[in-house]
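Some notes on the structure that comes next.
What you see is a predicted model; the values in this text were computed from it and never measured.
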Amino acid sequence: MAKITEIEDLKRIYKRRTPKMFYDYCESGSWTEQTFRENSSDFDLIKLRQRVAVDMTGRSTASQMIGQDVAMPVALAPVGSTGMQHADGEILAAKAAEKFGVPFTLSTMSVCSLEDVAENTTKPFWFQLYVMKDREFTKRAIQRAKDAKCSALVLTLDLQILGQRHKDIKNGLTVPIKLSPHTILDLATKWRWGLQMMKTKRRSFGNIVGHIDGITDMSSLSVWAAESFDPKLDWDYVKEIKELWGGPLILKGILDADDAEMALNVGADAIVVSNHGGRQLDGAMSSIKALPSIMDAVGDKIEVHLDSGIRSGQDVLKALAMGATGTYIGRAFIYGLGAMGQHGVEEALRVIHKELDVTMALCGETKVQDLGKHNLLVPRDFYGDWA
Ligand code: GLV
């Protein structure tokens, strides 16, 4: 068995074992992919302050996100079609998260349904909601999340229309897969993936199939999003959703200080500074660069989380030191899942935890809560001087 020492190891195995169309779905940004790239490369602009002769015993990464205990402030992000990256992917990832003690967020566009994940786990998970034109579906989805005992609703605000990812169109990506000479060729060498897929009955969008009417073609996310996602979603409707849900609400996809203020005003419990992993507005600022202005605007009034671009424990540390209370990994856990199923997700979490712990120690800190700007060297022009 290959020795896994970094997230990149999992990515290499994932690429070998997973059909190209699903690897490409994960490893893409929209249009030119500038934001997708900068989400990661902007982390490299921030340097860590090495401190020495500090007692580094008794370290802990334990913390809280929205008042819930976490073994480290790193949740699994909602990722659409996770169950196509590996058979029963959402259940496996949720189990890994549960074992590790971090939150798992189930996407509306998951393959395993809310009910399926609830049946196969023992701790509450979080549910990510996409708002559909069919408002009854949205109401039912919220009720289903309550019935499944989800402990937070993560409402995504940055995907009412889908950013174009060229590769998905060129690969003819659909869920479930439609067989064509192109897709058969793609699947032919991925026998391990195929065998596991043949053993499961979960191969479609489990939260949607049988729960929504009037969809003519739901197999392509782009067609489906265009037909079904509600482009009218606005702050008034966010308020309504908050009332309907009545529990902890996390608003995901905030990249601008003005929107962060709006999120605060509707009474969200937390926001996620996110550009959807660079998959929506290409040309937008990276999440880590957007964080400082959002912290300045609302950081002392609402819990601020961050996703997009995190591939290591060092990245997590930088986000926390810049003021985030929690972070999310999407691609980093998908690499593990596609490489080795549940064990791979556990490996991804183990790698990131170790990196976070050791980096924290070498920065002279023993608790994630004590991390702050004093641990960083941030270029004076990091945020940029924008007109
Ligand atoms: C869906 O959330 C996607 O980004 O593909």
>> Ring of Tyr237, cation from Arg135 - is the NZ or CZ under 6.0 Å from the centre and inside 45° of the axis?
In response: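 Geometry flag: set, cation within 6.0 Å and 45°.
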Here's one to test your reading of the geometry: is the NZ or CZ of Arg16 within 45 degrees of the ring axis of Tyr23 and under 6.0 Å from its centre?
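The answer is no, since Arg16 fails at least one limit relative to Tyr23.
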Are there over 12 heavy-atom neighbours, none belonging to [X], within less than 6.0 Å of that residue's [atom1]?
{"X": "Arg37", "atom1": "CZ", "result": "yes"}
{"X": "Lys242", "atom1": "NZ", "result": "yes"}
{"X": "Ile161", "atom1": "CD1", "result": "no"}

How close do [X] and [Y] get, heavy atom to heavy atom, and via which atoms?
{"X": "Ala152", "Y": "Ile250", "result": "CB-CD1, 4.2 Å"}
{"X": "Met132", "Y": "Thr138", "result": "N-OG1, 3.3 Å"}
{"X": "Ser28", "Y": "Lys167", "result": "OG-NZ, 3.6 Å"}
{"X": "Ser287", "Y": "Asn39", "result": "N-OD1, 3.2 Å"}
{"X": "Leu337", "Y": "Thr82", "result": "CD2-CG2, 3.4 Å"}

Could you check whether [X] pairs with [Y] (Lys NZ or Arg NE/NH1/NH2 to Asp/Glu carboxylate O, under 4.0 Å)?
{"X": "Lys354", "Y": "Asp357", "result": "no"}
{"X": "Asp236", "Y": "Lys239", "result": "yes"}
{"X": "Asp88", "Y": "Lys199", "result": "no"}
{"X": "Lys139", "Y": "Glu136", "result": "yes"}

Would Asp24 and Lys20 satisfy salt bridge (charged side-chain N to carboxylate O under 4.0 Å, His left out), going step by step from the backbone distance to the final call?
CA-CA 6 Å; Asp24 282 350; Lys20 182 173 180 301; 2.7 Å; yes
Do any N or O atoms from the side chain of [X] and from the backbone of [Y] form a donor-acceptor pair under 3.5 angstrom?
{"X": "Lys201", "Y": "Met198", "answer": "no"}
{"X": "Arg331", "Y": "Cys26", "answer": "yes"}
{"X": "Asn275", "Y": "Met285", "answer": "yes"}
{"X": "Arg49", "Y": "His374", "answer": "yes"}
{"X": "Gln369", "Y": "Ala62", "answer": "yes"}
{"X": "Gln128", "Y": "Thr105", "answer": "no"}
{"X": "Arg144", "Y": "Asn207", "answer": "yes"}
{"X": "Thr183", "Y": "Lys178", "answer": "yes"}
{"X": "Arg203", "Y": "Met197", "answer": "yes"}
{"X": "Arg350", "Y": "Phe100", "answer": "no"}

Is there a path of hydrophobic side-chain contacts, each under 4.5 Å between heavy atoms of I, L, V, M, F, W or Y residues, that connects [X] with [Y]?
{"X": "Met56", "Y": "Met72", "value": "no"}
{"X": "Val304", "Y": "Ile66", "value": "no"}
{"X": "Val273", "Y": "Ile329", "value": "yes"}
{"X": "Leu376", "Y": "Leu356", "value": "yes"}
{"X": "Ile352", "Y": "Tyr328", "value": "no"}

Checklist entry - For Leu187 and Met21, what are the C-alpha separation, side-chain angles and deciding distance, and is it a side chain to side chain contact (heavy atoms under 4.5 Å, CB included)? => result CA-CA 9 Å; Leu187 303 181; Met21 69 178 101; 4.2 Å; yes
* Checking side-chain hydrogen bond (donor to acceptor under 3.5 Å, both in side chains) for the pair Asp307/Ser274: CA distance, chi angles, key distance, verdict? -> CA-CA 5 Å; Asp307 79 13; Ser274 168; 2.6 Å; yes
Candidate pair Lys289 and Glu38, rule salt bridge (charged side-chain N to carboxylate O under 4.0 Å, His left out), full reasoning: CA-CA 9 Å; Lys289 268 199 183 173; Glu38 290 179 358; over 6 Å; no
- prompt: Do Tyr335 and Arg311 pass the side chain to side chain contact (heavy atoms under 4.5 Å, CB included) test, and can you show the C-alpha distance, the side-chain angles, and the key distance before you say yes or no?
  reply: CA-CA 10 Å; Tyr335 302 158; Arg311 304 287 186 274; 3.6 Å; yes
Checklist entry - About how many Å separate CH2 of Trp193 and OG1 of Thr18, when rounded to the nearest 0.5 Å? => result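 Between Thr18 OG1 and Trp193 CH2, I get 9.0 Å after rounding to 0.5 Å.
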Pick one: which of Arg165, Lys15, Lys11 meets salt bridge (charged side-chain N to carboxylate O under 4.0 Å, His left out) with Glu27?
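Output: one option passes, namely Lys11.
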